[in-house]
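Accompanying notes for the structure given below.
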2 protein chains.
Amino acid sequence: MSVLASPVPAVEYDGCPVTRAIHRLGEKWTLLVITLLGRRPHRYNELHRGIEGISQRILTRTLRLLEADGLVARTVHPTVPPQVEYRLTAAGESLLVPLGALAAWAVENY
Amino acid sequence: MSVLASPVPAVEYDGCPVTRAIHRLGEKWTLLVITLLGRRPHRYNELHRGIEGISQRILTRTLRLLEADGLVARTVHPTVPPQVEYRLTAAGESLLVPLGALAAWAVENY
DNA sequence: CAGCATCCAGAGCGATACTG
DNA sequence: CAGTATCGCTCTGGATGCTG
């Protein structure tokens, strides 16, 4: 969003990577999922049990969107029963830095 | 969100200042309004004209929420016709720093 | 100019049941 | 265990018209 036309076109705003990232992070459970995965990898039900109030449907959707964004990696171990591990990618890990700065700001100002 | 219980209670997550800040920033037009006000103060219709696709209702609500959060100051000049100026508060200005870091990350990784 | 009141559509989120 | 399928609802966001 370096140079903004005036009026700011809706298409330009929606297409901006900063906007897209903020809107993804702003979804209801995204921050918590990233925070948990930022500590260590988790299995699916481990996340499900670890987050009070999230439904399977929404947890799955949240994880899939983060995977599509390249922030989370999903690894299936073809065992019986199946075992699926979620962890942050390198990009996901790198998010923790600016996110930590924003968190520190929020604690002070919110 | 320094020490998370397991499972993370919904109440604790919702009450966390980081969560609240991210959720506010994630609302549809918040980032753009903050960005514009980060450049200079704006009058109401200046913002309205400057943001393609936003309705008066939503612009007003966005500004009022940011005002309630202490990020935006609203100044009414009792002239005829009325003139209302919106600008970032000191807290709002301070947000631009971590937000800039997040923006730089997003440009690289999103 | 800077809104408010009213009404409305749809996205997002959730509960529940079921399955490879 | 790790999901998918359906259905339903809340609640954000939007369109329109009016006003101090």
Side-chain angles (χ1 to χ4, degrees), chain A residues 7-11 13-14 19-34 36-37 41-69 72-87, chain B residues 7-11 13-14 19-34 36-37 41-69 72-87:
Chain A
V8 179
V11 175
Y13 180 54
D14 288 340
T19 302
R20 294 208 323 275
I22 288 281
H23 283 169
R24 172 75 69 239
L25 291 174
E27 286 169 23
K28 186 162 180 181
W29 302 104
T30 301
L31 178 65
L32 185 44
V33 167
I34 287 176
L36 290 177
L37 293 183
H42 283 69
R43 293 176 59 177
Y44 179 85
N45 272 334
E46 203 176 2
L47 288 170
H48 191 219
R49 281 189 304 267
I51 303 176
E52 182 188 291
I54 198 171
S55 68
Q56 290 185 323
R57 191 175 109 80
I58 299 303
L59 175 56
T60 300
R61 200 180 62 91
T62 302
L63 288 166
R64 293 296 210 282
L65 288 172
L66 289 173
E67 190 188 1
D69 288 343
V72 163
R74 177 176 181 269
T75 310
V76 181
H77 299 98
T79 58
V80 180
Q83 181 167 340
V84 179
E85 185 194 77
Y86 292 92
R87 59 181 169 76
Chain B
V8 179
V11 175
Y13 180 53
D14 289 340
T19 302
R20 295 208 321 276
I22 288 282
H23 284 168
R24 176 61 33 84
L25 290 173
E27 285 168 23
K28 185 159 179 181
W29 302 103
T30 301
L31 178 65
L32 185 44
V33 168
I34 288 178
L36 290 176
L37 294 182
H42 283 69
R43 294 177 58 176
Y44 180 85
N45 272 335
E46 203 175 3
L47 287 170
H48 191 218
R49 281 190 302 268
I51 302 176
E52 182 189 291
I54 198 171
S55 68
Q56 288 185 325
R57 191 174 106 80
I58 299 302
L59 175 57
T60 300
R61 200 178 63 91
T62 301
L63 288 166
R64 291 288 155 73
L65 287 172
L66 289 173
E67 189 188 1
D69 288 342
V72 163
R74 176 175 181 269
T75 311
V76 181
H77 298 97
T79 57
V80 178
Q83 180 167 341
V84 180
E85 183 194 78
Y86 293 93
R87 58 180 171 77

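All values below come from the heavy atoms of this structure, side chains included, with hydrogens, waters and symmetry mates left out. Below, chains carry the letters A, B, ... as their sequence lines are ordered, and counting in each starts from 1.
A straight line from CD of Glu46(A) to C1' of dG3(D) spans 16 Å, rounded to a whole angstrom. Note: CZ (Arg49(A)) to P (dG3(D)) measures 13 Å, nearest angstrom. Between Ile58(B) atom CD1 and dT12(D) atom C1' the separation is 7 Å, expressed in whole Å. When the P atom of dT12(D) is taken as reference, atom CD of Glu27(A) falls 15 Å away, rounded to whole Å. If you take CG of Asp14(A) and C1' of dG13(D), they are 13 Å apart, rounded to a whole angstrom. Atom NE2 in His77(B) sits roughly 19 Å away from atom C1' in dG20(D) (whole-Å rounding). Distance CD (Glu85(B)) to C1' (dC1(C)): 14 Å, rounded to an integer number of Å. Rounding to whole angstrom units, CG of residue Leu65(B) and C1' of dT12(D) are separated by 11 Å.
Across the interface with DNA chain D, nearest-nucleotide mapping of Pro82(A) and Thr60(A) shows Pro82(A) to be the residue nearer the 5′ end. Mapping Gln56(B) and Gly26(A) onto DNA chain C via the closest heavy atom, the residue that lands nearer the 5' end is Gln56(B).
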Trace of the side-chain contact (heavy atoms from CB on, under 4.5 Å) decision for Leu47(B) with Leu63(B) | CA-CA 10 Å; Leu47(B) 287 170; Leu63(B) 288 166; 4.0 Å; yes
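Residue Trp29(B) places none of its side-chain N or O atoms closer than 4.0 Å to OP1 or OP2 of dT12(D). Phosphate proximity of dA11(C) to Lys28(B): absent, as no side-chain N or O sits under 4.0 Å from OP1 or OP2. When the side-chain nitrogen and oxygen atoms of Arg64(B) are compared with OP1 and OP2 of dC4(C), one or more of them lie within a distance under 4.0 Å. Contact check, Tyr86(A) against dG3(D): a side-chain N or O comes under 4.0 Å of OP1 or OP2. At dG3(C), none of the side-chain N or O atoms of Arg43(B) fall inside 4.0 Å of OP1 or OP2 (strictly under the cut-off).
Using a 30° and 60° split on the angle between ring planes, Tyr86(A) and Tyr44(A) fall in the tilted class, from 30° to 60°.
Residue side chain Arg57(B) reaches the base of dG13(D) through a donor-acceptor N/O pair under 3.5 Å, judged by distance alone.
Heavy-atom minimum distance, Lys28(B) versus His23(A): O-NE2, 3.3 Å. The two residues His48(B) and Ile54(B) come nearest to each other via the heavy atoms NE2-O, 3.3 Å.
Comparing dA2(D), dT4(D), dG3(C) against the side chain of Tyr44(B) picks out dG3(C) as the nearest.
Proximity of a side-chain donor or acceptor of Thr62(A) to a complementary backbone N or O of Ile58(A) within less than 3.5 Å is detected.
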